[in-house]
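Remarks on the structure that follows.
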Protein chains: 2
Amino acid sequence: MTAQPEGVEPRVDQAAVPVDVPAARERARAIPEATVARLAVYLRVLLGRGDDRVATLSSEELAHAAGVNSAKLRKDLSYLGSYGTRGVGYDVDILIGEIERTLGLTRKHSVAVVGIGNLGHALAGYGGFASRGFPVTALFDVDEDLIGIRIAGIEVRHIDQIPDACAALDVTIGVIATPGDGAQDVCDLLVKAGVRCILNFAPVVLQVPEHVEVRKVDLAVELQILSFHVARRELAEEPLTGSSIGTEEPLTELPPVVVAP
Amino acid sequence: MTAQPEGVEPRVDQAAVPVDVPAARERARAIPEATVARLAVYLRVLLGRGDDRVATLSSEELAHAAGVNSAKLRKDLSYLGSYGTRGVGYDVDILIGEIERTLGLTRKHSVAVVGIGNLGHALAGYGGFASRGFPVTALFDVDEDLIGIRIAGIEVRHIDQIPDACAALDVTIGVIATPGDGAQDVCDLLVKAGVRCILNFAPVVLQVPEHVEVRKVDLAVELQILSFHVARRELAEEPLTGSSIGTEEPLTELPPVVVAP
DNA sequence: TGATGTGAACTCCTTCACAGCG
DNA sequence: CGCTGTGAAGGAGTTCACATCA
């Protein structure tokens, strides 16, 4: 490991982020959205393997573990620069460092969750956030019964306090887990508080200024997409009964075909 | 694939929704993934508007509400067929029906949630599933302390019972909310039980036979993508001081930057 | 007239295939 | 030789702009 000749690329520790700014800017700008999403996946795989003392991984291995093909993986990694060794593969530690730097994970983050219902409560207590460098530091709701209680040590406050509290805690990411109505208001408060990244679980399309980034997770939509595939598959499997052409299918409902495996 | 001569013309009268099966099959196969995801969004908007007795909507209005541009919306809807009226717009009820049929929502669905931790518990109690036609009918875990308790009236069973219970309840969609390790085992059990659609919240890439559809929701990845955008934006905003090392920036305060392209 | 529906151009992403290097 | 890195080809999705029709 650390078989790195030409000592231009310094070791990456989270105190200093070297590299000249214009180049980094250019590179960051150039990375496709689709690649960014996958970088996060590669990082998780690498962190898993890092424990195993695996010093190096080929594109084939890493790609398989991440569920993509190796050409795509190599192209993705090429956006970061050349951190592989031909004939060998990628140094796990170096790659981890590069991906973390690219994803901005060397920066401190701080997450606020708004809406402490079923989902918000689960998110507030979800260990997966903190363990990946996204500690939840503030919780908000409107329900008087919830305000003041603590979840995982964090006190729930009224959403009126969003501007002050978020600024004070330097919240970088807001998570909206409220019902659909009210989500836009909460969003406006977060934006006012200077939060520029929002993860939205509410089933509405948020309107935000263009300098604010929103990602949406819509569980019902996910299920509906799956539902589409069930339906498509059933159509595809359905035997082509020649007589079905002329028959009057009452198709308010889909044909009831279910094939047991 | 089966070259079907355009023999039967689909009559469109407003009461019934006819359509011959091969044509429906052809169409379903042709709809792009990206469009399917958006259809679900359009549907939600339409259902919201349906209550308001709005009989008709233009592509412009619907597109705005769904957060896309109108050209995209029209192209998306064109995959369903021609259900708009030129000079007027789309009939809300007809469109709802068409989208529901296309997404397979006229079929009965039944959801099993596996892994009753923070997230699984929230999902089990989440009203948004049932209200959109995806009732949760089975819950599973391995923890003896959880087995037997009821959430929203559903009893938690041991995952050993997945094959039997899922078959008996005709589960169409499995939701995996377990920790990463164990997710693959659970997945295998679901597949064995005949479940062909899986929504995976566990941070692993599941291996499944090709007739099984998996969608993954990875919350940490979502946050990391947002993090990337924070970083990119800071790079873009940062004045070109060659040696700025960003960690100590007083980021409590928002620079008022709004870049006009 | 005014909105839909759609070929065509365009942009973005993926895949191929192989040169280049360790 | 083996594997990375990458131009080039291919495919998917988006946007444009306008013919078309209620």
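Letters go in sequence order (proteins before strands), and every chain restarts at 1. As the structure is a computational prediction, the values presented were derived from the model and not from experiment.
Contact annotation: B:Asn69 side-chain N/O to D:dT14 OP1/OP2 distance is not under 4.0 Å. In this structure, A:Tyr90 does not reach the C:dG22 phosphate: none of its side-chain N or O atoms is under 4.0 Å from OP1 or OP2.
Nucleic acid contact for A:Glu60: none, since no nucleic acid atom lies under 4.0 Å from a heavy atom of the residue.
What separates OH of A:Tyr83 from C1' of C:dC21 is a distance of 18 Å, to the nearest Å. As a whole-Å value, the separation of A:Lys75 NZ from C:dC18 C1' is 13 Å. Distance, B:Glu98 CD to C:dT4 P: 17 Å, rounded to whole Å. The CD1-C1' distance, from B:Ile31 to D:dT14, rounds to 17 Å in whole Å. If you take CG of A:Leu57 and P of D:dT4, they are 10 Å apart, rounded to a whole angstrom. The distance from atom NZ of A:Lys72 to atom C1' of D:dG7 is 19 Å, rounded to the nearest whole Å. Across the protein-nucleic acid pair, B:Leu80 atom CG and C:dT6 atom P stand 12 Å apart, rounded to whole Å. What separates CG of A:Leu95 from P of D:dC3 is a distance of 17 Å, to the nearest Å.
Contact check for A:Tyr90 versus A:Leu73: side-chain heavy atoms found under the 4.5 Å cut-off. Looking at heavy atoms from C-beta onward, A:Tyr126 lies out of side-chain contact with B:Leu119 at the 4.5 angstrom threshold.
A donor atom on one side chain and an acceptor atom on the other are not found under 3.5 Å apart for B:His109 and A:Gln224.
Where A:Thr35 and B:Leu77 meet DNA chain C, the nucleotide closest to each residue was compared, and B:Leu77 sits on the side nearer the 5' end.
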Using atom names, set out every protein N or O paired with an N or O of nucleotides 18-22 of chain D below 3.5 Å, distance rounded to 0.1 Å.
{"from": "D:dT20", "atom 1": "O2", "to": "B:Arg86", "atom 2": "NH1", "distance (Å)": "2.5"}

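Rounded to the nearest 0.5 angstrom, B:Ser59 OG and B:Leu77 CG are separated by 8.5 Å. Here A:Arg74 contributes atom CZ and A:Asn69 contributes atom CG; the two are 8.5 Å apart, rounded to the nearest 0.5 Å. Put simply, OG on A:Ser227 and CD on B:Glu100 are 10.0 Å apart, with the number rounded to the nearest 0.5 Å.
Ion pairing of B:Glu61 with B:Arg49 is absent here, as no side-chain N (NZ or NE/NH1/NH2) approaches a carboxylate O to less than 4.0 Å.
Relative to the side chain of A:Ser78, the nucleotides D:dT6, D:dG13, C:dG5 differ in distance, and D:dT6 lies closest. Here the side chain of A:Arg38 is nearest to one of D:dT4, D:dG5, C:dT14, namely C:dT14. Side-chain proximity of A:Ser58 to the nucleotides D:dT4, D:dG5, C:dT15 is greatest for D:dT4.
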